[in-house]
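Contents: one structure, followed by commentary.
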Amino acid sequence: MAQDEHRVYLLRHGTTQWSQTGQHTSRSDIPLTVEGELRARQAGQTLSALRPPGPVTVLASPRQRAQRTAVLAGLDDIVTEPLLAEWDYGDYEGLTTPQIREQVPDWTVWTHPCPGGETSAQVTARADDVLARIADAASDVVLVGHGHFSRCLVARWLGLPATDGARFALDPAGITVLGWERGVPQIVRANIPPWQQG
């Protein structure tokens, strides 16, 4: 990707029932709620306002919540990218943080292991693979994915440990824009909510 020229847009999928209740969702293929579908459409309007006209490369997680968000956002030529799947929570799939903390006090995905799931080192490697894949893109790139993994991508873009993704928010249907300034990777905009009329 030509530095200082193209940008990367991270679009988190719209709201699901589990994102509303705080349940960790990786492999489970949970659909968008009605509100999630609305926000995905609005996120498409936000992307259109942020991006100049022109070609764009669109990669999306294989999970239906990301695929549907990409479609509702009006994105075309969507390529399914398994590397964009959410952090694998293993045995903690479907559990909330308070439920996990009943067994492991002070647990967070950023600081503790996920038994049966991915380690932070594995997530780091996967994020680096995604960034390597888009490094030579001849256009802007939109990555449609998930909360934790997209935040890892932000951290790795800046050269930080993936676990520093804890420092960046990305709400459902939110957009973060990554770019460059004179060869230095930067966050251009962070956690932009979907545009809402009225």
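Below, each value reflects all heavy atoms present in this structure, side chains not excepted, and no hydrogens, waters or symmetry copies.
Proximity of R65 to H146: side-chain heavy atoms (C-beta onward) are separated by under 4.5 Å at one or more points. When side chains are defined from C-beta on, V56 counts as touching R51, because their heavy atoms get closer than 4.5 Å. A heavy-atom distance below 4.5 Å is not found between the side chains of V58 and V79. Within the 4.5 Å cutoff, the side chain of V144 has no heavy atoms near those of the L59 side chain. Side chains of F149 and S61 form no contact here, defined as non-hydrogen atoms less than 4.5 Å apart. Between L50 and Y9 the shortest side-chain heavy-atom distance falls below 4.5 Å. Side chains of Y89 and S28 form no contact here, defined as non-hydrogen atoms less than 4.5 Å apart.
Checked against F168 for a side-chain contact (heavy atoms from CB on, under 4.5 Å), the options N191, L158, T176 give a single hit: L158.
Checked for salt-bridge contact, R12 and D171 miss the test: no charged N lies under 4.0 Å from a carboxylate O. Between D106 and R101, no side-chain nitrogen of the basic residue sits less than 4.0 Å from a carboxylate oxygen of the acidic one, so the salt-bridge criterion is not met. Contact check on R126 versus D129 returns no salt bridge, with no Lys/Arg side-chain nitrogen under 4.0 Å from an Asp/Glu carboxylate oxygen.
With hydrogens and angles disregarded, no donor-acceptor distance shorter than 3.5 Å links the side chain of Q103 to the backbone of I100. Using a distance-only test at 3.5 Å, with no hydrogens or angles considered, no donor-acceptor pair links the side chain of D91 to the main chain of G116. Formation of a donor-acceptor pair under 3.5 Å by the S19 side chain with backbone atoms of T16 is found in this model. In this structure, the side chain of H24 does not engage the main chain of Y92 through any donor-acceptor pair within 3.5 Å. With H112 contributing its side chain and V104 its backbone, the two residues share no donor-acceptor pair below 3.5 Å.
For A173 against P194, the heavy-atom pair with the smallest separation is O-CD, 3.6 Å. Residues W195 and T46 share a closest heavy-atom pair of N-OG1, 2.6 Å. Across every non-hydrogen atom of D164 and A155, the tightest pair is C-CB, 4.1 Å. Closest heavy-atom contact between A70 and I78: CB-CD1, 3.6 Å. Residues A73 and L11 approach most closely at CB-CD2, 4.2 Å, considering heavy atoms. What you find for A40 and L32 is that their closest heavy atoms are CB-CD1, 4.5 Å.
Between the CD1 atom of I30 and the OG1 atom of T15 there is a distance of 13.5 Å, given to the nearest 0.5 Å. For the atom pair I187 CD1 and W157 CH2, the distance stands at 11.0 Å (nearest 0.5 Å). Between the OG1 atom of T124 and the CD atom of E118 there is a distance of 10.0 Å, given to the nearest 0.5 Å. To the nearest 0.5 Å, atoms CG (L10) and SG (C152) are separated by 11.0 Å. To the nearest 0.5 Å, the span separating OG on S26 from CG on D88 amounts to 4.5 Å. Rounded to the nearest 0.5 Å, atoms CZ (R156) and CG (L160) are 8.0 Å apart.
Note on V8: it does not cluster hydrophobically with L75, by side-chain heavy-atom contacts below 4.5 Å among ILVMFWY residues. In the hydrophobic clustering of ILVMFWY residues, with side-chain heavy atoms under 4.5 Å counting as a link, I175 and V141 come out apart.
Counted by atom type alone, T21 and Q23 present one or more donor-acceptor pairs between their side chains at under 3.5 Å. For the residue pair Q67/T80, the side-chain donor-acceptor check at 3.5 Å is satisfied. S139 and T57 form a side-chain donor-acceptor contact under 3.5 Å, judged by distance and modelled atom types alone.
For R27, the CZ atom is densely surrounded, since the number of other residues' heavy atoms within 6.0 Å is greater than 12.
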| request: Let me see the working for T25 and E93 under side chain to side chain donor-acceptor pair (under 3.5 Å), right down to the final yes or no. | output: CA-CA 6 Å; T25 320; E93 182 79 3; 5.6 Å; no

| task | Show the numbers, then the answer: is there a salt bridge (Lys or Arg N to Asp or Glu O under 4.0 Å) between R63 and E86? | result | CA-CA 9 Å; R63 304 294 181 254; E86 179 61 293; over 6 Å; no

| side chain to side chain contact (heavy atoms under 4.5 Å, CB included) between T163 and T111, intermediate numbers included | CA-CA 7 Å; T163 51; T111 58; over 6 Å; no

| Derivation of the salt bridge (Lys or Arg N to Asp or Glu O under 4.0 Å) call for D140 and R7 | CA-CA 5 Å; D140 285 348; R7 289 183 172 173; over 6 Å; no

| said: Using the rule given for side chain to side chain contact (heavy atoms under 4.5 Å, CB included), can you reason through R151 versus R167, listing the C-alpha separation, both sets of side-chain angles and the distance that settles it, and then say yes or no? | reply: CA-CA 8 Å; R151 293 161 68 188; R167 301 176 183 276; over 6 Å; no

| request: Let me see the working for L47 and V142 under side chain to side chain contact (heavy atoms under 4.5 Å, CB included), right down to the final yes or no. | output: CA-CA 9 Å; L47 270 175; V142 177; 4.3 Å; yes

| said: Using the rule given for side chain to side chain contact (heavy atoms under 4.5 Å, CB included), can you reason through L143 versus L153, listing the C-alpha separation, both sets of side-chain angles and the distance that settles it, and then say yes or no? | reply: CA-CA 10 Å; L143 302 178; L153 285 171; 4.0 Å; yes

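In summary, the aromatic rings of H13 and W18 are positioned with their centroids too far apart to meet the 6.0 Å limit. A distance below 6.0 Å separates the ring centres of W110 and H148.
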